Amino acid sequence: MREGRPVLNVLEQDLQSFHDIIKFGGVPYERKINSRIVTTWKHVDEMIEAMVGVVSGDLETTCLYPWDKGAAIVTIGIGTRDTQWSIFVHHPESTWTEEDIEKILRRIHEASQDCTMVWHNGKFDVLWLYVQYQVLFAIDFDTMLAHYNVDENSLHDLEYLSSLYFSAPKWDIPLKEKQGGAPAEKIAHYHAHDLYYTRNLYFVLKKKLDADPKTNRIFRQITMKCANAFVMIEHRGMFLDKKKMVEAEKYLREQLAIAAEALKRWGDINWGSPQQVGRLLYDELGIRCPMKTKSGADSTAESALKQIDHPCVADLLKFRGHKQQLSFFIDGWKPFIAGSRLHPVFKLHGTVTGRLSSEHPNCQQIPRDPRIRTIIGAPPGWTLVEADLSQIEMRIAGEVSGCRQLIEVFQRGMDVHWNTVLNELERYVGQAEIVCETARVARLLSRAPGFAEAIQILRDIGPEAAADIDPVWKELRKKAKAVNFGYLFGMQWKKFRMYARDNYDMHITDEEAQQSRIAFFETYPLDKWHNRQKAKARIDGFVRSLAGRKRRLPAAQRGDDSFEEGEALRQAINSPVQSFANDINLMVLLQMREEFPATVYQPVATVHDSILQEVRNDYVERVARRITEVMRQPRLFKDFDINLRVPLEGDVKIGPWGAGVSLSRWKASQ
DNA sequence: GACCATAGCGCG
DNA sequence: AAAGCGCGCTATGGTC
């Protein structure tokens, strides 16, 4: 990373002031605030002159979303060693024209190239500046993200961090005021605190990161690289096929109206209110309530309704489904549509495991229903390509557990969930129904006479071919997937029994449920790994992923057998797996961005173990082939000293989201 | 009018 | 005594 032109005396003074801050538990902060409003070109010259070494940047804006109507920057702030400079842009007291601002911004940008630019949630500011002025600043160090890597469990907002490290008193002013409603002087004073503390936090957080090389490596090589990459990703946004969206909306409104009409005969209530539905079902209609919510109320959740034998249930479920799809993904998107695109925001500090979260709207919870998913596409001349890391969490579990059986599954190129399906079937030899089902498939294949042969054929042909013969196999694999993940991460048989009942209408006995768990651990003896992870968390109070990302679990050390302790111990098993899967995905993303220019390759989103990207039509094949390779072994594995026994595999789908096809099919269709 | 909790449900 | 993990969004119904 670029750390700026070495200006030794300046940095030494910085460090001196940093030591003073630590030594005296916070110098009187007012003395250090030196807020100046930039109103003349002479001020600009002075500011540029002062931009040396570590410089903080910050914006105040009229709203939180750069694509909103009337979105504008109120003030641009630059924090240098002795002064916090505010340049007012959209404010009654601003002395500058748009052309002036552009000129100033370019000078700041030029000067910033030789500085270490520090921001607090810089992705926000840098994106705004790029949207509004097409000037792309670097985020060299982000204090919010640095603290996220230092302590994922706590808050990361600037005021909290300043009070934590510098005992700073609160300086926040009402939102309306900083969005331009207050006099320049007041906004600048507020702004100066942001700039001052962001800059000071750099020194203390850098020191913390330097003290932990593994965390520092994650921060430098992944977190900060992503902060800069996601500026461009968010700027690009996801292309919407408006025609498909209108079609989906029409369909959903019709279906919703039908469902609402059907519900009327059971009662004239608000069917969107769980309370009212509960009263109607369990009081008026006299249905026995099958389960309670967490807080003890009568549950009307889907899993409760499925246990009720009443004709209104089907209508209610349809109503809920359509209502949710409409309000989440059609109406919910409308406020965020800018031109023909959505611009989801990715929070790089959104989870405790290192995964990203997405909001405005959340593009990581879009239903798999093709009616909704295929709304996401690519503009003319470009093609949407989705690449996902296949069965990645199971592969990592095999790797970190050292479980021979699980590793072999992947080394032999088998599908772990499919394997579970067939293992389950074998356990049920003799049960007429399943044998019949298998025999039917075997007959279709017109070669296997018996049960064992049929199973073998199913193993050989794999899940996709089986699903082509009969969709039941797809459903069974889905079930096996849930079972595998559940047991892998510590699920007990009681929950499995409930899960099977609620989701698959499978009514099994306690004994059968227990047997299923025992069978899983016989196939994959993962208990040693579970115990190892628990012991690590108990002793150290944290665990790490293979990439070195730390998950701090203080509750694991309580030693009181509490719920919280149990929770932490299960997290000690899950976190390193989930976390590493995510980091691999991000490594692939960063590498692809390095290898292909933005003129032909534009990632638009990540969904935990997959990457969505727009590719210029003439590059589709090259990108598809390359990302398959990169997903097997990202270059960053070398820097992180990662050598896996388990092979990784990428799966690429080309075309509108949720309806993409493999490269060979796509080529055939061209 | 702003803010909060809960229920329910979408995704990996 | 009980135990998969990780998120964000909408609606309702309540409080300040």
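Labels below follow one simple rule: chain letters A, B, ... track the order of the sequence lines, proteins then strands, and each chain is numbered from 1. Worth saying up front: this structure is predicted, and the values here are computed from it rather than measured.
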*Asks:* Which pair of heavy atoms, one from Glu614(A) and one from Gly237(A), lies closest together, and at what distance?
*Replies:* OE2-O, 4.1 Å
*Asks:* Any side chain to side chain donor-acceptor pair (under 3.5 Å) pairs touching residues 528-548 of chain A, not counting sequence neighbours?
*Replies:* Asp212(A)-Arg544(A)
*Asks:* Any idea how His349(A) and Tyr148(A) line up, ring-wise: parallel (<30°), tilted (30 to 60°), or perpendicular (>60°)?
*Replies:* perpendicular
*Asks:* Base, sugar-phosphate or nothing for Gln578(A)? Non-hydrogen atoms, less than 4.0 Å.
*Replies:* base
*Asks:* Using a cut-off of 4.0 Å on non-hydrogen atoms, how would the nucleic acid contact of Glu302(A) be classed: base, sugar-phosphate, or nothing?
*Replies:* sugar-phosphate
*Asks:* Between Val607(A) and Cys363(A), which heavy-atom pair has the shortest distance, and what is it?
*Replies:* CG2-O, 4.3 Å
*Asks:* Return a table of donor-acceptor pairs under 3.5 angstrom between the side chains of residues 384-392 of chain A and protein atoms on other chains or two or more places apart.
*Replies:*
from	atom 1	to	atom 2	distance (Å)
Glu386(A)	OE2	Trp657(A)	NE1	3.1
Ser390(A)	OG	Arg395(A)	NH2	3.3
Gln391(A)	OE1	Val416(A)	N	2.8

*Asks:* To the nearest Å, how far apart are Lys323(A) NZ and dG10(B) C1'?
*Replies:* 16 Å
*Asks:* Residues from residues 360-370 of chain A sitting under 4.0 Å of DNA chain C, heavy atoms only?
*Replies:* His360(A), Asn362(A), Gln365(A)
*Asks:* Sequence neighbours excluded, which residues qualify as ring-ring contact (aromatic ring centres under 6.0 Å, His included) partners of Tyr524(A)?
*Replies:* Phe520(A)
*Asks:* Select base, sugar-phosphate, or nothing to describe what Ser575(A) touches, counting heavy atoms under 4.0 Å on all strands.
*Replies:* nothing
*Asks:* Across the strands shown, which category fits Arg373(A) at heavy-atom distances under 4.0 angstrom: base, sugar-phosphate, nothing?
*Replies:* sugar-phosphate
*Asks:* Looking across every strand, which nucleic acid part, if any, lies under 4.0 Å from Gln492(A) by heavy atom: base, sugar-phosphate, or nothing?
*Replies:* base
*Asks:* Quick one: sort the Phe489(A) and Phe485(A) rings into parallel, tilted or perpendicular, breaks at 30° and 60°.
*Replies:* parallel
*Asks:* Which is true for Gly566(A) with a 4.0 Å heavy-atom rule: it touches a base, it touches only sugar-phosphate, or it touches nothing?
*Replies:* nothing
*Asks:* Restricting to salt bridge (Lys or Arg N to Asp or Glu O under 4.0 Å), what partner residues turn up for Lys323(A), sequence neighbours left out?
*Replies:* none
*Asks:* Would you indicate what Asn582(A) reaches in the nucleic acid, counting non-hydrogen atoms under 4.0 angstrom: base, sugar-phosphate, or nothing?
*Replies:* nothing
*Asks:* Looking at every strand, decide which applies to Ser358(A) at a 4.0 Å heavy-atom threshold: base, sugar-phosphate, or nothing.
*Replies:* sugar-phosphate
*Asks:* Phe329(A) CZ to dC9(B) P: how many Å, rounded?
*Replies:* 13 Å
*Asks:* Over how many whole Å does the gap from Lys318(A) atom NZ to dC9(B) atom C1' extend?
*Replies:* 19 Å
*Asks:* Any base atoms under 4.0 Å from Val352(A), or only sugar-phosphate, or nothing? Heavy atoms, all strands.
*Replies:* sugar-phosphate
*Asks:* Atom CD1 of Ile611(A) to atom P of dG12(B): distance rounded to whole Å?
*Replies:* 15 Å
*Asks:* Of all residues at least two apart in sequence or in a different chain, which pass the ring-ring contact (aromatic ring centres under 6.0 Å, His included) check with His608(A)?
*Replies:* none
*Asks:* In chain order, what residues pass the side-chain contact (heavy atoms from CB on, under 4.5 Å) check against Lys264(A), with sequence neighbours excluded?
*Replies:* Glu261(A)
*Asks:* The criterion is ring-ring contact (aromatic ring centres under 6.0 Å, His included); which residues satisfy it with Phe239(A), sequence neighbours excluded?
*Replies:* none
*Asks:* Which nucleotide span of DNA chain C, 5' end to 3' end, has atoms closer than 4.0 Å to non-hydrogen atoms of chain A?
*Replies:* dA1(C) to dG13(C)
*Asks:* Which residue lies toward the 5' end of DNA chain C, Gln324(A) or Gln275(A), if each is placed at its nearest nucleotide?
*Replies:* Gln324(A)
*Asks:* How long is the line joining CD1 of Ile330(A) and C1' of dG10(B), in whole Å?
*Replies:* 14 Å
*Asks:* Identify the stems formed by DNA chain C, where each pair is Watson-Crick or G-U wobble with both distances under 3.5 angstrom and a stem is at least 3 consecutive pairs.
*Replies:* B:1-12 with C:5-16
*Asks:* If you look at every strand shown and take non-hydrogen atoms under 4.0 Å, does Lys494(A) touch a base, only sugar-phosphate, or nothing?
*Replies:* nothing
*Asks:* Kindly write out the residues that satisfy ring-ring contact (aromatic ring centres under 6.0 Å, His included) with Trp418(A), not counting sequence neighbours, or none if the list is empty.
*Replies:* Trp473(A)
*Asks:* In whole Å, I'd like the distance from the NZ atom of Lys478(A) to the C1' atom of dG12(B).
*Replies:* 14 Å
*Asks:* Please report, to 0.1 Å, the donor-acceptor pairs under 3.5 Å made by any side chain of residues 574-581 of chain A, with sequence neighbours excluded.
*Replies:*
from	atom 1	to	atom 2	distance (Å)
Asn574(A)	OD1	Gln578(A)	NE2	3.4
Ser575(A)	OG	Gln571(A)	O	3.0
Gln578(A)	OE1	Thr353(A)	OG1	2.8
Ser579(A)	OG	Thr353(A)	O	3.0

*Asks:* Compare side-chain N and O positions of Ser299(A) against OP1 and OP2 of dG8(B) and report whether any pair is under 4.0 Å apart.
*Replies:* yes
